[in-house]
Amino acid sequence: MKPEKLGINTICTHVGEIQDEQFQGSVSPLYMGSSYAYEDVDIKRYPRYFNTPNQEALCKKVAALENCEDALIFGSGMAAISHTMLAFLEKGDHVVVQKTIYGGAFNFMVEEFPKYGIEYDFTEGFAESDFAEKIKSNTKVIYVETPSNPLMLITDLEMISRLAKSKGLVSVIDNTFASPVNQNPADFGIDVIIHSATKYMGGHSDICAGAVAASKEHIERIWNVGKNIGGSLSDYTVWLLERSMKTLALRVKAQNKNAKKLAKWLNKHPLVAKVYYPGLKDHPDYEIAKKQMKGFTGMLSFELVSSVDANEFMKALKLIKQSMSLAGVESTILSPVKTSHALLTPEERQRQGISDGLLRFSVGIEEEKDLISDIEQAFTSVAKQQLEPI
Ligand SMILES: *Cc1c(COP(=O)(O)O)cnc(C)c1O
């Protein structure tokens, strides 16, 4: 049976798995070997060549999930991003980068590209004209991320793919926030799809990994850079990631459902000034999100009214923990001003719409009612503190 004929939970559970011919075990055996018998083939098996049995098994699953021909697994999301960019860009080339991307990707471009003589421009906004006006004669790549952190703004994938194709550019997306369950950019003609597998794919806050899915031709180009730079992932972690991904769709669908309910509940709360969730009809990009996403993710942001101190509120939460990372089965929260966007100037943050009272909420799989009571008790406790005389 062809993988594309299978439903998502079946792909997650089975595609790519290695049959245990020796003992008939139910899961893929783990091959930790870094040395394999010399075979009379062009490419020998070796972990840094991304072609050990477990690496190849997981690549099949990722490729099937993203409706792509092939995939590669990396040691981190940043390894996936850096290898991809260095595969399609060289000295004298230019890349158009979407405004507001993941901080690590931003730093990689700003700090490393000048060393290689690669030029870049960030767009002013998310519309076609914002991207088109930055394209130059030496532009080779358009790089986007959608939904983007932390305001969950959406870039139109069909528009990006059309624009890239009309100019002969390679389109690259960081699809981490959506996960392959909620968004398959290849269906809209996007060329290269990147994931920080540390997030939804891993999903249990215990794995750091990255993935890239694309056509065989594009993957071969990235592989050629990969074998030189060496960003592959240990087979043990690959094997753990395969296990995690069996429940990827189950987890993400539960997170989508919880986040949508919480977004609606927060939107009505008197102490919440604004909610940013692409699944809410009042989100500015709701229509585009509905067109290109199958679910609206477990990620949302909300702004507290100015009388509530964001820090005190977060400290008062009991079940929902403050954490830098996201997309685990457990709900976590962070203040972008204090963490991911701390290095930006207050003016730049204001320009991007990131206020001091903004909180990014990664919704887990806990019971919705328990998450609501935790938030409610935190609001009550903060309100009490404010009433107490100093
Ligand atoms: C975390 C993250 C990355 C980087 O992934 P690492 O696995 O930490 O290297 C890239 N993009 C997005 C959107 C992320 O959230």
Side-chain angles (χ1 to χ4, degrees), residues 58 62 66 71-86 95 97-112 122 126 141 143-155 157 172-183 185 190 192-213 222 226 229-234 237-238 240-241 244-245 248 251-252 255 259 276 278 293 296-301 323-328 332-336 339-343 352 354 360-364:
L58 186 57
V62 173
E66 281 295 11
L72 287 173
I73 305 296
F74 291 89
S76 68
M78 279 315 303
I81 291 171
S82 56
H83 283 67
T84 300
M85 297 309 264
L86 295 177
V95 48
V97 185
Q98 174 190 299
K99 167 192 175 180
T100 66
I101 54 164
Y102 176 72
F106 177 89
N107 290 342
F108 167 66
M109 294 180 198
V110 172
E111 292 174 18
E112 304 301 328
F122 288 94
F126 296 79
V141 170
Y143 183 93
V144 302
E145 179 183 321
T146 180
S148 72
N149 184 23
L151 297 181
M152 303 297 290
L153 297 171
I154 308 291
T155 309
L157 294 177
V172 177
I173 182 176
D174 182 336
N175 202 30
T176 301
F177 264 46
S179 91
V181 179
N182 288 325
Q183 182 167 274
I190 299 293
V192 182
I193 296 123
I194 299 177
H195 286 278
S196 166
T198 313
K199 313 297 164 53
Y200 282 111
M201 285 185 176
H204 296 72
S205 309
D206 54 8
I207 283 173
C208 182
V212 177
I222 300 166
I229 299 184
S232 61
L233 183 66
S234 127
T237 314
V238 167
L240 281 178
L241 185 55
S244 296
M245 285 180 60
L248 173 67
R251 285 186 274 112
V252 170
Q255 284 164 306
Y276 301 87
M293 299 180 78
F296 298 111
T297 89
M299 300 299 301
L300 62 93
S301 292
S323 157
M324 272 298 277
S325 204
L326 58 108
T332 59
I333 196 160
L334 68 69
S335 152
T339 56
S340 53
H341 295 70
L343 295 179
Q352 294 192 17
I354 298 161
R360 188 192 74 190
F361 188 10
S362 170
V363 182

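Being a predicted model, the structure only gives us computed values, none of them experimental. Counting starts at 1 for both ligands and their atoms, following the listed order.
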Item to check | Full working for side-chain hydrogen bond (donor to acceptor under 3.5 Å, both in side chains) between Ser82 and Glu112 | outcome: CA-CA 10 Å; Ser82 56; Glu112 304 301 328; over 6 Å; no
Exercise answer, ligand 1 polar atom pairs (N/O) under 3.5 angstrom:
unit_1, atom_1, unit_2, atom_2, d
ligand 1, 5 (O), Ser196, OG, 2.9
ligand 1, 7 (O), Gly77, N, 2.8
ligand 1, 7 (O), Ser196, OG, 2.9
ligand 1, 7 (O), Thr198, OG1, 2.6
ligand 1, 9 (O), Gly77, N, 3.0
ligand 1, 9 (O), Met78, N, 2.8
ligand 1, 11 (N), Asp174, OD2, 2.6
ligand 1, 15 (O), Lys199, NZ, 2.7

Checklist entry - Looking only at heavy atoms, which two atoms of Phe74 and Ala79 are closest? And how far apart? => result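 Heavy-atom minimum between the residues: CB-CB, 3.9 Å.
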Next on the checklist: Just by distance, no angles: are the side chains of Thr297 and Gln255 close enough, under 3.5 Å, to form a donor-acceptor pair?
Outcome noted: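 Note: Thr297 and Gln255 side chains miss the donor-acceptor criterion.
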Item to check | Phe177/Tyr200 aromatic ring centres below 6.0 Å | outcome: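 No, too far apart.
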Checklist entry - If we only count heavy atoms from C-beta on, is the Ile154 to Met293 side-chain gap below 4.5 Å? => result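 Touching, per the 4.5 Å side-chain cut-off.
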Checklist entry - How long is the gap from NE2 on His195 to CD1 on Ile173, to the nearest 0.5 Å? => result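 These two atoms lie 8.0 Å from each other.
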